[in-house]
Amino acid sequence: MNNAIALRGISKMYGPVPALRPTDLSVETGEFLTLLGPSGSGKTTLLNLIAGATGPTTGVILLDGRDITRMPPRERGIGMVFQNYALMPHMTVFENVAYPLRARHSPSKTIRAKVMEALERVGLRGFEDRKPRQLSGGQQQRVGIARCIVYSPAIIMMDEPLGALDKNLREQMQGEIKRLHKELGTTFIYVTHDQEEALNMSDRICLMSTGAIAQLGTPDELYFQPSNRFVAEFIGESNLISGRMEGDSRMAIAGNRSVAIPGGRASGGAELLVMVRPERVRLCSIDEPINDAVNVLSGEIAGSSFVGGMTRVTVQTENGLKLTAKMISGRIESRPVPGARVQVCWSPSDMVVLEK
Ligand code: ADP
Ligand code: MG
């Protein structure tokens with residue numbers, strides 16, 4: 001069996017509210033899968049169902065092919081790391097990390113060796129005797145991680161573990177968690193609402209919206225081939241253009257204009273929504289001759305914002321669209337000025353047809 005976890009038609013109702021709609025999901029052995037989505041989309045509910053902290057309304061959960069739907073949480077061998085650390089404040093670091101082993105009645109010699117090894121892995125050797133309140137947030141979460149890995153669970157789940165940390169520390173800890181995943185080779189199910197964290201860390205991302213999977217795929221697939229509007233707008237920035245197919249490779253858009261789109265995606269007359277990423281949109285001066293193979297619209301710069309390495313420019317086109325282009329920043333004298341007339345162009349191959 002190659003699936004560490006398989007969910008079949010799993011759902012959870014709280015009264016009339018579906019926290020999770022009937023969902024199928026397979027997590028492969030050894031993979032780093034991230035549940036990504038806005039607050040309230042059902043991420044924690046899905047983790048709690050896998051962990052056994054709550055029971056499903058419908059469906060079956062398989063762990064390595066065995067039905068664990070009704071198995072008590074402790075017997076599942078699934079480790080959990082929480083956003084708020086959930087450490088025991090009156091216990092030392094050593095005792096916090098030793099806790100799962102004591103609960104499993106491991107011999108004390110084994111406990112000592114395993115706790116020290118876990119602390120070593122998270123860079124906390126020498127902190128055994130401290131209490132949680134004598135540690136920074138990042139160190140407390142390292143204790144939380146050590147307590148999870150100490151008994152070698154078959155699956156490690158983390159629910160927004162870096163949510164309480166500031167940006168620099170978060171990025172550093174992302175790297176450490178990835179390293180840990182590689183060293184341990186364990187299946188990880190990771191929850192975040194931060195798309196950059198998900199793109200950076202995951203083998204696959206399961207993007208959730210209102211209790212259902214919006215798209216499941218690699219970071220590349222979600223970014224370059226979003227299947228619907230929600231995914232296109234949640235991951236990165238996007239320009240959305242709606243229109244109607246004329247033949248099989250042109251689309252009529254606002255203001256009696258038309259643009260070329262990749263062929264074979266839809267037939268004549270179909271109403272479509274297509275997306276192009278801002279970094280694939282190029283600005284050219286109004287008199288620059290444009291190659292026929294490229295889509296071009298003329299317009300006026302509506303706004304320009306300098307965000308360090310990148311500059312984001314919005315263009316109001318003559319046919320009534322507002323498009324965003326993103327480019328590597330130049331010095332201020334070379335940046336587009338609001339009111340200036342420009343052409344915006346992009347290649348048809350950079351357009352993605354979304355499900356309507
Ligand atoms: P996320 O972790 O993505 O923020 P949750 O899984 O916590 O989302 O919640 C999904 C939905 O289920 C939300 O609408 C939330 O209000 C609801 N919900 C979660 N837990 C409970 C509960 N114990 N009782 C009632 N509603 C709940
Ligand atoms: Mg949550």
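Start at 1 and go down the list; that is how both ligands and their atoms are numbered. From a predicted model like this one, the values you see are computed outputs, not experimental measurements.
In summary, an N, O or S atom of Thr44 is located under 2.8 Å from the Mg ion (ligand 2).
The closest approach between any non-hydrogen atom of Gly42 and ligand 1 is below 4.0 Å. The closest approach between a heavy atom of Pro38 and any atom of ligand 1 is below 4.0 Å.
In this structure, atom 15 (C) of ligand 1 is not in close contact with the protein, since no protein heavy atom lies within 4.0 Å of it.
Of all the listed residues (Gly40, Pro18, Ser209), Gly40 holds the heavy atom that lies closest to atom 4 (O) of ligand 1.
More than 12 heavy atoms of other residues, nucleotides or ligands lie within 6.0 Å of CZ in Arg104, so this atom counts as buried by the packing criterion. Heavy atoms of other residues, nucleotides or ligands lying less than 6.0 angstrom from CZ of Arg66 number 12 at most. At most 12 heavy atoms of other shown residues, nucleotides or ligands fall within 6.0 angstrom of atom CZ in Arg280.
Taking Asp292 as the reference, nothing meets the side chain to side chain contact (heavy atoms under 4.5 Å, CB included) condition, with sequence neighbours excluded.
In terms of polar-atom proximity, defined here as any N/O pair under 3.5 Å, Ala19 makes no such contact with ligand 1. Ligand 1 has no N or O atom lying under 3.5 Å from any N or O atom of Val17, backbone or side chain.
Of all protein heavy atoms, the one closest to atom 5 (P) of ligand 1 is Thr45 OG1, 3.6 Å. When only non-hydrogen protein atoms are considered, atom 20 (N) of ligand 1 lies nearest to Tyr14 CE1, 3.4 Å. The nearest protein atom to atom 7 (O) of ligand 1, hydrogens excluded, is given as Thr44 CB, 3.7 Å; this is a heavy-atom distance.
Taking the six-membered ring where the residue is Trp, Phe188 and His181 present perpendicular rings, their angle passing 60° and hence far from 30°.
Both tests do not hold together for Arg147 against Tyr85: distance to the six-membered ring centre under 6.0 Å, angle to the ring axis within 45°. Because its NZ or CZ atom is both nearer than 6.0 Å to the ring centre of Phe306 and within 45° of the ring axis, Arg335 counts as a cation-pi partner of that residue.
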Before you tell me yes or no, could you show the steps for Arg277 and Glu237 under salt bridge (charged side-chain N to carboxylate O under 4.0 Å, His left out), namely the whole-Å CA-CA distance, both residues' side-chain angles and the distance that decides it to 0.1 Å? CA-CA 6 Å; Arg277 295 287 184 196; Glu237 281 188 74; over 6 Å; no
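The distance from ligand 1 to the heavy atoms of Ser41 drops below 4.0 Å at these ligand atoms: 1 (P), 3 (O), 8 (O).
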